[in-house]
Amino acid sequence: MVYILLDDGFELMEAMVPVDLLRRADVDIKTVGVNNIQIRSSHGVTVTADITLADVNSEAIKMLIIPGGGLGVT
C-alpha cells in the first residue's frame with residue numbers, strides 16, 4: 001500500500017498530483033490524515049482523507065509520500 005500523509009498546510013499539488021497519477025495507474029494508495037480526517041491545504045482547500053494515521057497498517061507500507069508545505073512538513 002502507498003500512503004500519502006496529509007496535515008494542515010500541505011502543498012495541494014505535491015499531494016494531489018501523485019494521488020491522481022497513482023490511482024490512474026491502479027496503484028493502491030490511501031490519503032492519510034495525520035491529525036484529522038479533514039485537512040486544510042496551504043491554499044485553504046479542505047481535503048477529506050481516506051483514513052487517519054491510526055488506521056495505517058504499518059506492515060503493508062510499500063511507499064510513503066510526504067508532501068511539503070508549512071505545518072505538514074513539521
Engineer: CD1 of Ile37 to CG of Leu53: how many Å apart, nearest 0.5 Å?
Structural biologist: 11.0 Å
Engineer: Give the cluster check for Val19 versus Val27: same hydrophobic cluster or not, with ILVMFWY residues linked at side-chain heavy-atom distances below 4.5 Å.
Structural biologist: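 Yes.
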Engineer: Rounded at 0.5 Å granularity, tell me how far CD1 in Ile61 sits from NZ in Lys30.
Structural biologist: 14.0 Å
Engineer: Starting from Val47, can I reach Leu21 by hopping between I/L/V/M/F/W/Y residues whose side chains sit under 4.5 Å apart?
Structural biologist: no
Engineer: May I ask you to test the Asn35-Asp8 pair for a side-chain heavy-atom distance under 4.5 Å?
Structural biologist: no
Engineer: For residues 53-63, which residue pairs qualify under side chain to side chain donor-acceptor pair (under 3.5 Å), counting only residues two or more places apart or in two chains?
Structural biologist: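 Pairs touching residues 53-63 that pass the test: Thr52-Asp55.
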Engineer: Atom OG in Ser42, atom CE in Met13: separation rounded to 0.5 Å?
Structural biologist: 11.0 Å
Engineer: If I compare all heavy atoms of Arg40 with all of Gly44, which pair ends up nearest, and what's the gap?
Structural biologist: NE-CA, 3.3 Å
Engineer: Does the side chain of Asp50 reach to within under 4.5 Å of the side chain of Ile29, using non-hydrogen atoms?
Structural biologist: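 Heavy-atom side-chain distance check fails, nothing below 4.5 Å.
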Engineer: If hydrophobic clusters are built by linking Ile, Leu, Val, Met, Phe, Trp and Tyr wherever their side-chain heavy atoms come under 4.5 Å apart, do Phe10 and Val17 end up in the same one?
Structural biologist: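 Phe10 and Val17: separate clusters.
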Engineer: Of the non-hydrogen atoms in Gly33 and Ile39, which two are nearest, and what is the gap between them?
Structural biologist: CA-CD1, 3.8 Å
Engineer: Is the backbone of Ile4 close enough, under 3.5 Å, to the side chain of Thr31 for a donor and an acceptor to pair up by distance?
Structural biologist: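 Flag not set: sc Thr31 to bb Ile4 has no pair under 3.5 Å.
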Engineer: Indicate the atoms forming the closest heavy-atom contact of Pro67 with Ile65, along with that distance.
Structural biologist: CD-O, 3.6 Å
Engineer: Over all heavy atoms of both residues, which pair between Gly69 and Glu11 is shortest? Give the atoms and the distance, please.
Structural biologist: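 Between these two residues, the closest heavy atoms are CA-CG, 3.8 Å.
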